[in-house]
Amino acid sequence: MPVTTASSRIGIDLGGTKIESLLLAADGTPLMSQRMATPRGDYQATLDAVATLARACDARAGHDIPVGVGMPGALSPATGLVKNANSTWLNGRPLLQDLMARLGPRVRVANDANCFTLSEAVDGAAADGDVVFGVILGTGTGGGITVDRRILVGAHAIGGEWGHNPLPWPEA
């Protein structure tokens, strides 16, 4: 039975270990969540998993609604292809275009750490901060920076990234 309005939205966290969807009502109330294992190493199966989760949310909503996907890595501003993803089977792939081919133009894709940081800066633990640095520690690591509640993307779409520093240092 449909439970949402036209202002509802779907958030999908595409991680290295799991993919999780969340259907939100217009007022931000969580209505449905689903999780599945990430099909590691299989790009097409990853696309299918994201589409399956989005369609399950659509079915609950009774119509197609906007989908935001937080993903590891970044979309290259020069090519539109994924780069710097710890989920290496995504690198060099046109993730946004391929998801749009499955789900239509309602899809948006952004770095997962940027999504997290923006959420905390807007209405989370850092809502009073002018500058917020957010850190993700999971299957991979990543970071995002907001200034005045806007993501600092940077020229190469990796403005807040810090997660690929070798520790301990490789030499004295």
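On a predicted model such as this, the values are computed, not experimentally measured, just so you know.
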**Request:** Mind listing the closest non-hydrogen atom pair of Arg102 and Ala51 along with its distance?
**Result:**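 Taking every non-hydrogen atom into account, CD-CB, 4.1 Å.
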**Message:** Looking at every non-hydrogen atom in both residues, tell me the closest pair between Ser7 and Ala26 and how far apart they are.
**Reply:**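 Residues Ser7 and Ala26, closest heavy atoms: CB-CB, 3.5 Å.
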**Message:** One pair to check against side chain to side chain contact (heavy atoms under 4.5 Å, CB included): Leu75 and Leu81. What are the steps and the verdict?
**Reply:** CA-CA 5 Å; Leu75 294 181; Leu81 303 178; over 6 Å; no
How long is the span from the [atom1] atom in [X] to the [atom2] atom in [Y], to the nearest 0.5 Å?
X      : Y      : atom1 : atom2 : answer
Gln34  : Glu20  : CD    : CD    : 9.5 Å
Ile10  : Ser21  : CD1   : OG    : 7.5 Å
Leu22  : Leu53  : CG    : CG    : 11.5 Å
Leu31  : Cys57  : CG    : SG    : 9.0 Å
Asp98  : Gln44  : CG    : CD    : 6.5 Å
Ile151 : Asn114 : CD1   : CG    : 4.0 Å

Can you check whether [X] reaches [Y] side chain to side chain, under 4.5 Å on heavy atoms?
X      : Y      : answer
Ile145 : Thr117 : no
Thr146 : Phe133 : no
Ile136 : Asp112 : yes
Leu95  : Leu47  : yes
Val135 : Thr141 : no
Thr29  : Leu24  : no
Asp48  : Asp42  : no
Val69  : Arg108 : no

**Passing candidate, side chain to side chain contact (heavy atoms under 4.5 Å, CB included) with Pro72, options Val82, Asn86, Asn84, Thr88** =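 Exactly one candidate clears the test, Asn86.
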Can [Y] be reached from [X] by stepping across I, L, V, M, F, W or Y side chains whose heavy atoms are under 4.5 Å apart?
X      : Y      : result
Val131 : Val153 : no
Phe116 : Leu152 : no
Met71  : Leu103 : yes
Ile158 : Trp162 : no
Val109 : Leu118 : no

When you measure from the side chain of [X] to the backbone of [Y], do you find a donor-acceptor pair of N or O atoms at a distance under 3.5 Å?
X      : Y      : value
Asn111 : Gly73  : yes
Lys83  : Ala157 : no
Glu120 : Ala125 : yes
His156 : Gly154 : no
Arg40  : Ser87  : no

**Request:** Show the numbers, then the answer: is there a salt bridge (charged side-chain N to carboxylate O under 4.0 Å, His left out) between Asp64 and Arg55?
**Result:** CA-CA 8 Å; Asp64 290 354; Arg55 288 186 186 116; over 6 Å; no
**Message:** Working note: Ile65 + Arg9, criterion side chain to side chain contact (heavy atoms under 4.5 Å, CB included); need CA distance, chi angles, decisive distance, verdict.
**Reply:** CA-CA 6 Å; Ile65 54 180; Arg9 54 217 178 268; 5.7 Å; no
**Message:** With side chain to side chain contact (heavy atoms under 4.5 Å, CB included) as the criterion, how do Asp148 and Arg150 come out once you've worked through the C-alpha distance, each side chain's angles and the decisive distance to 0.1 Å?
**Reply:** CA-CA 6 Å; Asp148 296 326; Arg150 292 177 183 238; 5.6 Å; no
**Prompt:** Given Val107 and Val50, is the side chain to side chain contact (heavy atoms under 4.5 Å, CB included) satisfied, shown in steps?
**Reply:** CA-CA 11 Å; Val107 179; Val50 170; over 6 Å; no
**Message:** Counting only heavy atoms not in Arg149 (residues, nucleotides, ligands), do more than 12 fall under 6.0 Å from its CZ?
**Reply:**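 For Arg149, atom CZ is crowded (more than 12 foreign heavy atoms under 6.0 Å).
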**Request:** Classify the side-chain pair Thr17/Thr38 by whether it contains a donor and acceptor separated by less than 3.5 Å.
**Result:**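 No - no donor-acceptor pair under 3.5 Å links their side chains.
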**Message:** Regarding Asp13 and Arg35, does a basic nitrogen lie under 4.0 Å from an acidic carboxylate oxygen?
**Reply:**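 No, Asp13 and Arg35 are not salt-bridged.
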